[in-house]
Enquirer: 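Encoded as structure tokens, here's the structure I'll be asking about.
Computed from a predicted model, the values in this text were never measured in an experiment. Each ligand, and each atom within it, is numbered from 1 in the order the structure gives.
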Amino acid sequence: MSANKNSATSLAIFCKVVDNYGDIGICWRLARQLHRENEISVTLWVDDLHSFHRICPEVDVGAEEQQIAGVTARHWRDQDGVFTAGDIADVVIEFFGCDIPPGYIAAMAQCNPRPVWLNLEGLSAEEWVEGCHTLPSSHPRLPLTKYFFFPGFTSKTGGLLHEASLDVERQRFQSDQSAVAAFLAGFGMTTAEMMSLKVSLFCYGHAPVAAMFDQWQRGDSPVTCLVPEGVAAQAVQAFLGVDAKAGTVGRKGMLTVRVLPFVAQPDYDKLLWACDINFVRGEDSFVRAQWAGKAFIWHIYPQDENLHHVKLRAFLGRYAMHQESVRALSLYWNGAAAGADAWGDVSGLWQRFKDDLPEIANWTAEWQGRMLEHGDLASNLMKFVRSLQSVTAENNV
Ligand code: TRH
């Protein structure tokens, strides 16, 4: 336990990788930002180092403990029972209710003062989130309280992950045409492809990719679709006629499809910055697309009973209120459009969306400004932590 009990000097994040890359993607960004911008010693406990390695190639998948970008990364296995109060961080964050080890919780109860304990929840634009953000929940047996912390799109939520230097870095890259060209050339892109409408494609397997490819292929201007290896594999393979391995490229009509390797997280950001339109998914790429300043279409993570359609509509209600073309294409892409339009003809939807691109770009900049008025997630989280710590300190006087 740290000597300075009234301010957070050490913080632990527990991340269980449920599937894909969003869980570790979010926790890794948060860990780096908290360390870099708050001078906190951060430990990231991750149960799946292979997924971590894919977004951060520096990760040694065999290491129990390692330092990366100033963060201590620890392989979370079965360490329960080995913790004492001395091992416990001042602030403990469990991501998405991931059930941190009971032994760690027991040791938290031994600390004086107790650590601040937060459950960082998933992102949703639904209204109920505001009512649940920062709510306390008492442990049934131990003298501990856990607080729910919700990311979100309004000032009554925790906001969105956004590093202090992000906009400067993005604008520097986007205004340097030779840097953008060099970055895209690194994937083997030709000059003609760079001059075409560049679309990055990251979605789940059930997105109507084949129909979209068909539309782009028959369109009146060239489109280059950049798709990471393994994404929409069936549709990509059907288009290419060969295995969709990184480096493979195929052309039909107006469409070029180029398969990219899965890149490190900072390069994925650059890909979003370099493209004209980004198809993104899940949570983390969805948020990064909002900061890229380009038009984007979100493929939401599917849930039982189409609960995700409710979440999609809640987001579109905030983001695309005045943009029918964004709304209509998004609903189509997610199979959430009403009646016959559900999986209907994409041609009109795409054309309207494309025609609106300049307007969408303006709106995206305005949206960024609005979102940043709420402050960023890491800063809001630390403000909340400090408010809880000062109450504890006052009670101890
Ligand atoms: O991968 P995702 O679908 O992740 C998640 C998980 O499924 C999770 O369980 C669920 O809760 C959440 O979605 C909603 O999509 P996401 O969130 O966009 O995460 C992808 C991460 O991978 C993101 O940090 C960007 C990163 N990435 C790279 O680093 N390189 C790449 O080439 C690509 C395509 C992505």
Enquirer: With respect to N20, determine whether any N or O atom, backbone or side chain, lies less than 3.5 Å from an N or O atom of ligand 1.
Expert: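 Yes, at least one N or O pair falls under 3.5 Å.
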Enquirer: What I want to find out is whether R54 reaches E229 closely enough, with some N-O distance under 4.0 Å, to be called a salt bridge.
Expert: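 No, R54 and E229 are not salt-bridged.
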Enquirer: Counting both backbone and side chain atoms, is some N or O of D23 under 3.5 Å from an N or O of ligand 1?
Expert: yes
Enquirer: Regarding atom 21 (C) of ligand 1: of the candidates Y21, Y268, W28, W298, which has the closest heavy atom?
Expert: Y21
Enquirer: Give a yes or no on whether a salt bridge exists between D167 and R172, defined as a side-chain N under 4.0 angstrom from a carboxylate O.
Expert: no
Enquirer: Taking 4.0 Å as the limit for heavy-atom contacts, which would you say applies to F262 with ligand 1: side chain only, backbone only, both, or neither?
Expert: both
Enquirer: Identify, for atom 18 (O) of ligand 1, the protein heavy atom at the shortest distance, and state residue, atom and that distance.
Expert: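 Protein heavy atom at minimum distance: S285 OG, 2.6 Å.
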Enquirer: I'd like to know if K16 and D47 make a salt bridge, using a cut-off of under 4.0 Å between side-chain N and carboxylate O.
Expert: no
Enquirer: For ligand 1, is there an N or O atom under 3.5 Å from any N or O atom of G22?
Expert: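 There is such a contact, yes.
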Enquirer: Verify whether the ring centers belonging to F279 and F296 lie closer than 6.0 Å.
Expert: no
Enquirer: Hey, does F96 sit under 4.0 Å from ligand 1 if you only count heavy atoms?
Expert: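 Yes, F96 has heavy atoms under 4.0 Å from ligand 1.
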Enquirer: For P228, which part has a heavy atom under 4.0 Å from ligand 1: side chain, backbone, both, or neither?
Expert: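 Just the side chain.
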Enquirer: Looking only at distances, please establish whether an N/O atom of ligand 1 is found under 3.5 Å from an N/O atom of Y301.
Expert: no
Enquirer: Checking a contact table here: which protein heavy atom is nearest atom 6 (C) of ligand 1, and how many Å away?
Expert: D19 OD1, 3.3 Å
Enquirer: Which of the numbered atoms in ligand 1 are under 4.0 angstrom from any heavy atom belonging to G282?
Expert: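 Listed by number with element, the hits are 13 (O), 14 (C), 15 (O), 17 (O).
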Enquirer: Select one of side chain, backbone, both or neither to describe which atoms of Y204 lie under 4.0 Å from any atom of ligand 1, heavy atoms only.
Expert: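 Looking at Y204 and ligand 1, just side chain atoms fall under 4.0 Å.
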Enquirer: In terms of atom number and element, which parts of ligand 1 are under 4.0 angstrom from non-hydrogen atoms of G25?
Expert: 24 (O)
Enquirer: Side chain, backbone, both or neither: which applies to F202 and ligand 1 if a contact is any heavy-atom pair less than 4.0 Å apart?
Expert: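 Looking at F202 and ligand 1, just side chain atoms fall under 4.0 Å.
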Enquirer: Charged N to carboxylate O below 4.0 Å: is that the case for E163 and R36?
Expert: no
Enquirer: Hey, are the side chains of P101 and F14 touching, using non-hydrogen atoms and a 4.5 Å cut-off?
Expert: yes
Enquirer: Is R29 salt-bridged to D284, cutoff N-O under 4.0 Å?
Expert: yes
Enquirer: What heavy-atom pair brings E94 and N119 nearest, and what distance separates the two atoms?
Expert: O-OD1, 3.1 Å
Enquirer: Could you check which of L271, D267, V263 puts a non-hydrogen atom nearest to atom 30 (N) of ligand 1?
Expert: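 Answer by nearest heavy atom: V263.
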Enquirer: Is the shortest distance from a Lys or Arg side-chain nitrogen in R352 or D356 to a carboxylate oxygen in the other one below 4.0 Å?
Expert: no
Enquirer: Which residue owns the protein heavy atom closest to atom 23 (C) of ligand 1, what's the atom, and how far is it?
Expert: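 For atom 23 (C) of ligand 1, the nearest protein heavy atom comes out as D284 OD2, 3.2 Å.
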Enquirer: Which ligand 1 atoms does Q265 reach within 4.0 Å, using its non-hydrogen atoms?
Expert: 24 (O), 29 (O)
Enquirer: I'd like to know if E193 and R258 make a salt bridge, using a cut-off of under 4.0 Å between side-chain N and carboxylate O.
Expert: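 Yes, charged N to carboxylate O under 4.0 Å.
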Enquirer: Does the gap between the ring centers of Y268 and F262 come in under 6.0 Å?
Expert: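 Y268 vs F262: aromatic centres not under 6.0 Å.
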Enquirer: Specify the protein heavy atom at minimum distance from atom 26 (C) of ligand 1: its residue, its atom name, and the distance to 0.1 Å.
Expert: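 Residue, atom and distance for the closest contact: I55 CG2, 3.8 Å.
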